[in-house]
Amino acid sequence: PQLETMLGMGTKMMGMDPRKDLHDVTVYGLDTDKKNAVMVVHADANRAFLEKMVEKARDHKTMKHRDYTLHQWTHRGWKGGDGETVVGAFFKDDVMVFARSADRVEMALDVLAGKAESVDGDSPLAGRVRPGSILVGRAVAIDPDTKCPVLRQGRGYRVAMGENDGMSFYRARLEMDSEEAARQAEAVTEGFVALGKLRFGDEEQVMKLIDGVETTTSGSTSSIAWDAKADDVWTVAEKMAEKMEAKMAARRQQWGGRKSGCGDCGKDGCGACEKGTCPMDKQGSAEDGGKEDGRRPFREDEF
């Protein structure tokens with residue numbers, strides 16, 4: 001119900017219902033700097049509504065490129081600050097292009113209009129898309145500042161996941177810097193599979209999904225394939241959602257539904273909690289000797 005409410009609010013703000021009007025989104029970059037990314041959105045949007053809304057945005061101005069009108073404005077960031085410059089334009093009534101600069105939007109419009117070169121069919125970024133793919137990701141360069149230890153030793157990748165003919169699937173091909181890095185990438189996947197079997201070994205339905213993972217390495221290329229019946233995936237997903245809701249309900253009951261206070265002493269109506277001065281702050285209740293959920297708190301000098 002909460003998600004439905006949020007989607008309803010989003011529909012009014014975006015001029016489209018993402019549940020039925022959003023067809024696909026393509027995000028790409030000419031380098032590994034995410035600030036240089038370009039986003040192409042294919043959706044049955046209310047063009048008149050969106051153009052009227054953007055005119056009210058901070059620092060709004062318009063520019064022309066061929067027969068297209070580009071809108072530029074300052075978009076307020078999620079974490080405050082001065083915001084970021086955004087440029088957007090309609091290629092067609094149901095195709096929009098966004099970027100941080102006008103030249104990137106202009107370049108995308110020219111490619112869409114067939115007036116500029118696009119990716120060659122032989123490029124690792126092109127090629128066949130697996131039927132039923134919901135998410136496709138491809139790269140021929142990796143951000144050198146990535147925090148992912150696997151990708152840090154990679155040169156590129158191809159990923160696809162989705163559902164087709166009653167089967168859910170995931171495919172990944174990682175091009176690594178060396179054969180050793182490829183073997184290590186395969187070992188990471190196999191490690192996750194092993195952890196999953198330890199954690200869910202007695203749950204037959206979950207094990208069906210885990211057993212669908214296969215890995216292989218050839219030279220400096222590591223490949224991952226996963227297949228499972230879509231019905232089995234949804235069964236497990238729904239059970240996990242039920243467990244999560246049960247945990248949240250238990251937590252709400254444990255804290256008495258209080259919406260304020262430090263939330264650590266566990267006593268309903270604790271005045272100190274309401275004022276934020278409860279001495280049990282993140283130390284557990286006095287009754288359990290300072291333990292929280294039966295576990296003792298660790299001291300900094302222990303490590």
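The model shown is predicted, which means the values in this text are computed figures rather than measured ones.
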- request: Please tell me if the side chains of Val97 and Leu112 come closer than 4.5 Å, counting only heavy atoms from C-beta onward.
  value: yes
- request: Answer yes if Val105 and Phe98 sit in the same cluster of Ile, Leu, Val, Met, Phe, Trp and Tyr residues linked by side chain heavy atoms under 4.5 Å apart, and no otherwise.
  value: no
Co-membership, hydrophobic cluster, residues Tyr28 and Val111, 4.5 Å side-chain: no
statement: On a heavy-atom basis, the closest approach of Leu7 and Arg19 is CD1-CD, 3.5 Å
Nearest heavy atoms of Gln153 and Ala181, plus distance in Å: OE1-CB, 3.6 Å
query: Is there a donor-acceptor pair under 3.5 Å between the side chain of Arg100 and the backbone N or O of Glu84?
result: no
- request: Taking the side chain as every heavy atom from C-beta outward, state whether Glu186 and Met176 have any pair of such atoms under 4.5 Å apart.
  value: no
Show me the donor-acceptor pairs, under 3.5 Å and distance only, between side chains in residues 135-146 and residues at least two apart or in other chains.
from, atom 1, to, atom 2, distance (Å)
Arg138, NH1, Leu125, O, 3.3
Arg138, NH1, Ala126, O, 2.6
Arg138, NH2, Arg128, O, 2.8
Asp143, OD1, Asp145, N, 3.0
Thr146, OG1, Cys148, N, 3.3

message: Are Met96 and Val87 connected into the same hydrophobic cluster when the rule is that any two of I, L, V, M, F, W, Y join if their side-chain heavy atoms are below 4.5 Å apart?
response: no
query: Can you list the residues that meet the side chain to side chain donor-acceptor pair (under 3.5 Å) rule with Arg104, with sequence neighbours excluded?
result: none
- request: State the NZ-CG distance between Lys92 and Leu109, to the nearest 0.5 angstrom.
  value: 12.5 Å
query: If only atom types and distance count, is the side chain of Trp226 paired as donor or acceptor with the main-chain N or O of Leu209 below 3.5 Å?
result: yes
message: Before you tell me yes or no, could you show the steps for Met16 and Asp44 under side chain to side chain contact (heavy atoms under 4.5 Å, CB included), namely the whole-Å CA-CA distance, both residues' side-chain angles and the distance that decides it to 0.1 Å?
response: CA-CA 7 Å; Met16 65 173 180; Asp44 298 326; over 6 Å; no
More than 12 heavy atoms of other groups within 6.0 Å of Asp120 CG: yes
field: Considering all heavy atoms, the nearest Ala230-Ser168 contact
entry: CA-OG, 3.6 Å
query: To the nearest 0.5 Å, how far apart are CG in Asp177 and CZ in Arg152?
result: 12.0 Å
task: Nearest 0.5 Å please: distance from the CD atom of Gln184 over to the OG atom of Ser178.
output: 7.0 Å
- prompt: So Val41 and Leu22, side chain to side chain contact (heavy atoms under 4.5 Å, CB included) or not? Walk me through it.
  reply: CA-CA 8 Å; Val41 181; Leu22 180 60; 3.8 Å; yes
- prompt: Salt bridge check: are Lys35 and Asp33 linked by an N-O gap of less than 4.0 Å?
  reply: no
message: Side chains of Glu179 and Ser220: any donor to acceptor distance under 3.5 Å?
response: no
field: Separation of Leu151 CG from Leu174 CG (nearest 0.5 Å)
entry: 7.0 Å
Taking distance alone, no hydrogens or angles, what donor-acceptor pairs closer than 3.5 Å link side-chain atoms of residues 231-247 to residues at least two apart or in another chain?
from, atom 1, to, atom 2, distance (Å)
Thr235, OG1, Asp231, O, 2.8
Lys239, NZ, Gln205, OE1, 2.8
Glu245, OE2, Arg252, NH2, 3.1

field: Pairwise side-chain contact, Phe90 with Leu50, heavy-atom cut-off 4.5 Å (strictly under)
entry: yes
query: Got a sec: does the CZ of Arg173 have more than 12 other heavy atoms crowding it under 6.0 Å?
result: no
message: Can you classify the ring geometry of His23 versus His42 as parallel (below 30°), tilted (30 to 60°) or perpendicular (above 60°)?
response: tilted
- prompt: Would one find more than 12 heavy atoms of other residues, nucleotides or ligands at under 6.0 Å from atom CD of Glu203?
  reply: yes
message: Side-chain heavy atoms nearer than 4.5 Å, only ILVMFWY residues, links allowed to pass through others: does that put Ile210 and Phe169 together?
response: no
Spatial distance of atom CZ (Arg47) from atom CG (Asp93) [nearest 0.5 Å]: 5.0 Å
- request: May I ask you to test the Asn164-Arg130 pair for a side-chain heavy-atom distance under 4.5 Å?
  value: no
query: Are the side chains of Asp211 and Lys197 in touch, meaning some heavy atoms are under 4.5 Å apart?
result: yes
query: If Ile, Leu, Val, Met, Phe, Trp and Tyr residues are connected whenever their side-chain heavy atoms lie under 4.5 Å apart, and connections chain through other members, are Met161 and Val150 in the same group?
result: yes
task: Quick one: pull up NZ in Lys61 and NE2 in His71 and give me the separation to the nearest 0.5 Å.
output: 13.5 Å
- prompt: Would you say the side chain of Arg66 lies within less than 4.5 Å of the side chain of Asp110, judging by non-hydrogen atoms?
  reply: yes
- prompt: Does any non-hydrogen side-chain atom of Gln72 lie less than 4.5 Å from one of Asp59?
  reply: no
query: Does atom NZ of Lys64 have more than 12 heavy-atom neighbours from other groups under 6.0 Å away?
result: yes
task: Search all heavy atoms of Ala113 against all heavy atoms of Tyr68 and return the closest pair with its distance.
output: CB-OH, 3.8 Å
query: Would a 4.5 Å heavy-atom cut-off, applied to side chains only, mark Ser222 and Thr215 as touching?
result: no
- request: Kindly determine whether Arg199 and Val206 satisfy side chain to side chain contact (heavy atoms under 4.5 Å, CB included), including the steps that lead there.
  value: CA-CA 10 Å; Arg199 171 65 178 83; Val206 179; over 6 Å; no
